[in-house]
Amino acid sequence: MTRFIIGVVMALSCYSYSQNCKFTFLGELNDFHDGSPISSATIYIKEKDKYIVSDLDGKFKIENLCSGTLTLTISHVGCETKTVSYSIAGDTFKRISIEHHVEELNEVSVSASSTKKETTTAQETVIKANTLKKYSALNLGDALKEVAGVSSINTGNTIVKPMINGMHSSRILIMNNGVRQQDQEWGIEHAPNIDINSANQISVIKGSGALAYGGDAVGGVVVINSGRVILKDTLYGRTIIGGQTNGKGYNISSTLNKNYRSGWFAQIQGSYKRNGDFKAPDYNLTNTGLDSKGLSVQFGKKKFESGFEIFYSYLNNEIGILGASHIGSVFDIERAINAGQPLLIEDFSYDINAPKQKITHHLAKANYFKRFQGFGKVSLQYDYQNNQRLEFDVRIGDRRDIPAIDLTLQTHSILADVNLDSNLDRKINFGIMGRYQNNFADPDTGVRRLIPDYDKYDFGIYTTTEWRLNDNLLVDAGLRYDFNRIDAKKFYRISRWEERGYDEDFSDIIIEELATQLLTNPVFNFHNISASVGTRLNLDEKNQLLFNYSLASRPPNPSELFSDGLHHSAARFELGDLRFDKELANRVSLSYSHNTSRLRFLSEVFYNRITDFIYLRPFDFILTGRGPFPIWEYQQTDAELFGIDLTVTYDITDALQWQNKTSLTKGYDLEADLPLIDIPPFSTMNQLRYLNTKWYNFSASLKSEWVFEQNEFPDFNFEVEDQLTGDMILLDISTPPPAYHLLHFYSEATFALSEKTSLNVGLGINNLFDTSYRNYLNRLRFFADDIGRNITLQIQLNY
Amino acid sequence: MNEKNSNSKTMNINFLNLNSMKTNKFIIKAVLCFALISSFTSCSDDDPDAVNEEEIITNLTLTFTNTADANDIVVMSSVAPDGLEDGVTAETVVGDFSTGATYALRLALSNASETPAEDVLNGDIIPEADEHFFAYAVNGINLTLTRDAGDVDGPDGSKLGVETTWVAGAASTGNVQIRLIHEPSSVDDSNEFGTTTGGSEDFNITFEDVEIDD
């Protein structure tokens, strides 16, 4: 508005400077998308150092121009500023298209901190860079717990898998900078291979509402975005250096960005993390070290009308797994549980020995987009991922350095997406996706393959639409179809083949018969329909309702189909089933938010009904040379999950803020009438934060994390006979650990070093009172306590 | 397969010739082309090789020989064609012990899934004796054992338990157990049968209804 007034004043004053020149320039400003006139835009005439303003029809007139160059800089509220030049040799008329709704499209953003949501009616929470930086030394899964209703399922402290409303692994889809992460995510011990330092903003979407990314996100979608492109000539970066007392860890991460006004941009980012053995309050957690290296490079050109980007990222993680968790039999587990502390405790070391994981993930992508006037935006993308997973077991002799698991997963995807946004009240988006994936399990491990070699083909087509019915009511809907084909080559022991009854049902897929094994060629096709419909209703300025229904369809993953063998760390046999069909989830969610200047309240409820839900359940025993083992079978059942997540923030004073995040999730197997396993217990987090923006942006917060005991769990305890004595031994593998309460402290301040340089110092103390506890969702809880007090110091330099 | 490869290569050359095109268009097409090439080259119709399971033990044999009478032999064996680690086992006991007699135990561990069968005891376990330990136990049967002076050295100054001498007491029937523990945190062979903490059991086999006759 101010600009407008200045513009009018300037425009009027223009006439007092008339010269001998006589040409007239007539301009017409219109919207790039729909051609509608842009009124009240400010036009700066460089040669005259004058401002004028366009009229209601988007027109403007410059009189008394001399021949030569005319340079105009056009700006408008919510528009990308555009500069154009013309050579004037007579009276001239020009139609100039400018981009009118940058903010709504969020394509070219001037502020790196602006929040862009991926969905409109789904339960979505955005975690911004300022929060993410606290997790520089940690994992993606740790950072996502900032969102109420998101927990994690851990194997120790460094393998952290995000869990959304009780769902994890294949039921969560992770988009890493526009690419669907493919890294053997079916495995409960396979954490996402993403360097948290490469993320600038993360969206967590509960449920499968984000259909453009996939139709199988029964649990939810995590969207990780790197930094935005700023359209000006600038060079900036940040470096984070941190140290942690627990595990004697240190981390460094650096990002450097170069942007040009012309739209060219480049970014390079690298990080390194290292820690040795963590410590529980009472003992060292031997062999829990980590060595992580990450690198990403990105460059391209991004203008409003078109752009392209080339992106590459590399991550290499070597992760030690608690030595005491290496067990050979159920008797070993029984001894571990009864001992109450790890049976292997050694002095602190940075060494990472077996059992350990060594994972390398490469991701490369290229994309291109072009906007067509009055139509919309067309994007094309190709991406490639190479994931190598090596798992080293405790082995002997020459085989010590040979991994027990050696999987290479390669994925190629092509994607075309069209976004029709010429009418902002009726947006339409559609696209098509093709993917080819090859998994190779190296036989040189000398250990039978955990999952077989396979080729997988995916084809998807989707459309989503968003209708703004009026200022307060918005409706969106989407539909997607996916075809999946998996073509595997798997060896079955003949004994297993017959025990499973496959000799009757699948005799036609045998391609080779060996002495004790059969080579088979299972090929399965799955057709999946997914859909979503939702509405957003603003009741008034303070109150908003979101409703969403989504249907997700997930084909069984390779482990659910093909698992066939001993899962060492769990001391159980796990058997998949070739007969599985896809899993279907119907999820309804309702969110209510209330926002006033002091109080922000968000309540999210959901109900998720899943037919043919696939999960592992104990089924039988097998007596082996290491004694009896329970056999767990993947089974399909009908399940329901429901829950409520609350997030309340209240500004007690301008400086003091209280926040509460509370989450309750319930899950049941409806056929067996049992609670589901691994459902997060009720938890409530309270935080008191003091903020003084005047004194170096200082803040200090005290966070209380209270996790209850999970009192609803399936009793999968079992008894085994000690063959020597004939005694029955009970293995309590089901009873969840007791409730625990932890306090965490965090404080930070930012010091301006120069106009463009600032230094942020953060000091944190996790588990302030060094409390011993075990977490129900940590798979190593049978063997050891979780980690104790950890003092962290982190310095971030922005330049 | 080859045909597909050459096709996609031709496509690639076509694109390269179109260097007068706008950079943007070239990039898209190059990318799509790269996608095609990569997909074709990564297709493979070769069948996977069967895994040669190196680490397994298929046969465990305990041969007890009367030190005074070479014809008085008790043989306990456990056979698991898929490996003792996770395969189904079958135990057999041939012969009975004689009251008052002393027996030398000879152990044999082999992987018969390889040809010729691999000697796991001498090939893998004895060379890494400091990481292994054989623990024995009996229940209901009057057998005692001593680890021989010439036994291989095990972890923490213990004796590994591959050379042992057994004495049969009064007539009785019961169970005999042998376990192999890998990387135990601590071992104790002061009671000769042997106890451990930590580590993982490579096998845990119990032979039932073993008899000592008068």
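The shown structure was predicted, so the numbers you read here are calculated from the model rather than taken from an experiment.
Contacts between I622(A) and chain B at a heavy-atom distance below 4.5 Å involve the side chain alone, from C-beta outward. When heavy atoms are compared at a cutoff of 4.5 Å, F573(A) approaches chain B solely by way of its side chain, counted from C-beta outward. For A80(B), no part lies near chain A; criterion is any non-hydrogen pair under 4.5 Å. Of the two parts of R493(A), only the side chain, counted from C-beta on, holds a non-hydrogen atom closer than 4.5 Å to a non-hydrogen atom of chain B. For chain B, the nearby part of I511(A) is the side chain; its heavy atoms alone come within less than 4.5 Å. R400(A) touches chain B through its side chain: at least one heavy atom from C-beta onward sits under 4.5 Å away, while N, CA, C and O do not. For Q177(B), the parts lying under 4.5 angstrom from a heavy atom of chain A are both the backbone and the side chain.
Ranked by heavy-atom pairs under 4.5 Å with chain B, the first of T445(A), L343(A), D332(A) is D332(A). Top candidate by heavy-atom pairs under 4.5 Å with chain A, chosen from P127(B), G83(B), S185(B), P81(B), is S185(B). Ranked by heavy-atom pairs shorter than 4.5 Å toward chain A, the options D124(B), L180(B), V88(B) are led by D124(B).
Between E85(B) and T624(A), every side-chain heavy-atom pair lies at or beyond the 4.5 Å cut-off. Under the 4.5 Å side-chain criterion, counting only non-hydrogen atoms from C-beta, L519(A) is in contact with D47(B).
By the neighbour-count criterion of 12 heavy atoms within 6.0 Å, atom CZ of R106(B) is sparsely surrounded, having that number or fewer from other residues, nucleotides or ligands. Taking a 6.0 Å sphere around CG of N191(B), one finds it holds more than 12 heavy atoms contributed by other residues, nucleotides or ligands.
The interface of residues 165-173 of chain B with chain A, defined by heavy-atom distances below 4.5 Å, is empty. Applying a 4.5 Å heavy-atom cutoff, the residues of residues 193-206 of chain B that approach chain A are G198(B), G199(B), S200(B), E201(B), D202(B), F203(B), N204(B), I205(B), T206(B).
In plain terms, the two heavy atoms of P48(B) and R449(A) that are nearest each other are CB-NH2, 3.6 Å. Counting all heavy atoms, side chain and backbone alike, L724(A) lies closest to A137(B) at CD2-CB, 3.4 Å. Listed here is the closest heavy atom pair of Q723(A) and N175(B): O-ND2, 3.1 Å. Listed here is the closest heavy atom pair of D82(B) and S495(A): OD2-OG, 3.4 Å.
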Show your reasoning for whether side chain to side chain contact (heavy atoms under 4.5 Å, CB included) applies to L84(B) and R626(A). CA-CA 7 Å; L84(B) 287 177; R626(A) 288 191 217 181; over 6 Å; no
